2 protein chains.
Amino acid sequence: MPYSREHKQQSRARILQSAYRLFSTKGFDNVTVDAVMQDCSLTRGAFYGHFRSKSELYKEALTFAASNSKLADRQPEGLSPREWLSQLLDGYLSLEHVAGDRPCPLAFLATDIVSRNKETHETYAHVYSRMNQLILDYAGKNSGTNEQDILSLTSMIIGAVAVSRTIEDKQLVQQILSSCRQQARVILGGI
Amino acid sequence: MPYSREHKQQSRARILQSAYRLFSTKGFDNVTVDAVMQDCSLTRGAFYGHFRSKSELYKEALTFAASNSKLADRQPEGLSPREWLSQLLDGYLSLEHVAGDRPCPLAFLATDIVSRNKETHETYAHVYSRMNQLILDYAGKNSGTNEQDILSLTSMIIGAVAVSRTIEDKQLVQQILSSCRQQARVILGGI
DNA sequence: ATCTAAATATGATCTTTATCATATATAGAT
DNA sequence: ATCTATATATGATAAAGATCATATTTAGAT
């Protein structure tokens, strides 16, 4: 047996990490297979030992990102669900997030997804539903916040991050994010 | 002098219209210069008599779309600004819009824009500011709705349309749009 | 030390596509 | 009718990039 037992798994994880970082900041067509492999210090040829195609990589990277998102992080002890949700929203609606720190695929790939294949659309939709469900859980089902409210909330925060990413005027971006942080609290009935 | 006086202007307009329709639904990289020209029954070569490059076309198409958007339409007589705004929001948050009828570049190109050049970013930012300003004007500055509220409103409607476009479950899309229509009225203090 | 299957690297190939150089068509002016 | 500047079309070029075929490296087992 060649190489250590987990070697390939580790390579695969590195490829996915590089891929997601590049895809989410540049979009599918502005990232070459070469670029991804160079980013994780491998080469073109090795790629096809891990993935069937660039499309498959994109879909897998999307799944990878979703399971590594802050939303998927465990709620820290000592925080109530609502406090944790409050922190999550502040992180989501932050300059750091907009700058590309563990970016949310829902916002960063919003329009890039449209040109991908059906499987990828389904993956995206799944990630979206999961975000809504998680926020609903944290908000508390008997809190006066219902599923409708959550749908408008997620539209708002996804839209805010997507738009903010394109705007170079940092002050305006801060205003957008701050307005949405405030509005989020209104929707959730105060935290 | 060859051709009629306005011939070239008309061709240019046709190119821009085709370009915007294609770019907004497929994104920059999934639209070839050939495809645009064929869409308006011209050919590749003629393109460079009108635009210096594909990038320039994209930017011009964005400007073109903004000035042809429903938001730029004149307010119909017999409607108050708030009634007109209400109709605009319902149109924006509709299945028809999501399906691509006179689509809003802010939503349809949200992440595609990021990879474009600085000039294009500025154009996008300009369109964005204009949308906020128009909505603020229609809402009425002394109505209890302030600029902050508008920023969260536009984030929400842009996000809703951007996300909806990727989701194939029509029922879910209707829920998203409906939730946002409702939330929009809350933000605007009832219409 | 050597052998071997798995992992990775290297060197094509083939397609797509933006852009350019050149040719043709158009319709007003003479 | 013909001439001409402008608009449009056609064919060529060249670069980029996904994928494949083939070679090389790796490290556990013998």
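The chains referred to below are lettered A, B, ... by the order of the sequence lines, with proteins before strands, and numbering in each begins at 1. Just so you know, these numbers come straight off a predicted model, no measurement behind them.
- For the pair Arg165(A) and Phe108(A), the cation-pi test (distance below 6.0 Å, angle within 45°) is passed.
- A heavy atom closer than 4.0 Å to some atom of DNA chain C occurs in no member of residues 115-124 of chain A.
- Across the protein-nucleic acid pair, Gln10(A) atom CD and dA6(C) atom P stand 18 Å apart, rounded to whole Å.
- Residue Phe51(B) contributes atom CZ, which lies 13 Å from atom P of dA7(D) at whole-angstrom precision.
- Between Arg102(A) and Glu96(A) no salt bridge is recorded (no basic side-chain N to carboxylate O distance below 4.0 Å).
- The two residues Tyr138(B) and Pro81(B) come nearest to each other via the heavy atoms O-CB, 3.5 Å.
- If you measure from atom CD of Glu56(A) to atom P of dT19(D), you get 10 Å, rounded to the nearest angstrom.
- Atom CG in Leu57(A) sits roughly 10 Å away from atom P in dT19(D) (whole-Å rounding).
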>> For a quick check, with a 4.0 angstrom heavy-atom cut-off, what is the B/S/- contact string for nucleotides 14-19 of chain C, read 5' to 3'?
In response: ---SSB

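- Between Ile157(A) and Met156(B), the closest side-chain pair of non-hydrogen atoms is not below 4.5 Å.
- Ion pairing between Asp101(A) and Arg21(A) fails under the 4.0 Å rule for side-chain N and carboxylate O.
- Atom C1' of nucleotide dA9(C) and atom CE of Met37(A) are separated by 10 Å, given to the nearest angstrom.
- Atom-to-atom, NZ of Lys8(B) to P of dA7(D) comes out at 4 Å; the value is rounded to the nearest Å.
- For the pairing with Tyr92(B), the side chain to side chain contact (heavy atoms under 4.5 Å, CB included) check across Val98(B), Thr154(B), Val161(B) returns one residue only, Val161(B).
- Each end of the helix from dA1(C)-dT30(D) to dT30(C)-dA1(D) gets its own rotation axis from five pairs of C1' atoms, and the angle between them is 20° to the nearest 10 degrees.
- Using a 4.0 Å cut-off between a side-chain N of Lys or Arg and a carboxylate O of Asp or Glu, Lys54(A) and Asp29(A) do not qualify as a salt bridge.
- A salt bridge links Lys118(A) with Glu168(B): the distance from a Lys NZ or Arg NE/NH1/NH2 to an Asp or Glu carboxylate oxygen falls below 4.0 Å.
- Whole-Å rounding puts the Leu22(A) CG to dG17(D) P distance at 13 Å.
- At the heavy-atom level, Gly45(A) lies under 4.0 Å from base atoms of the strands shown.
- Contact annotation: Ser11(A) reaches the phosphate of dT8(C) (side-chain N/O to OP1 or OP2, under 4.0 Å).
- Ring orientation note: the planes of Phe28(B) and Tyr58(B) are nearly perpendicular, at an angle over 60° on the 30°/60° scale.
- Other residues, nucleotides and ligands contribute only 12 or fewer heavy atoms inside 6.0 Å of the CD atom of Gln17(B).
- Looking at every heavy atom in both residues, Val173(A) comes nearest to Ile167(A) through CG2-O, 3.6 Å.
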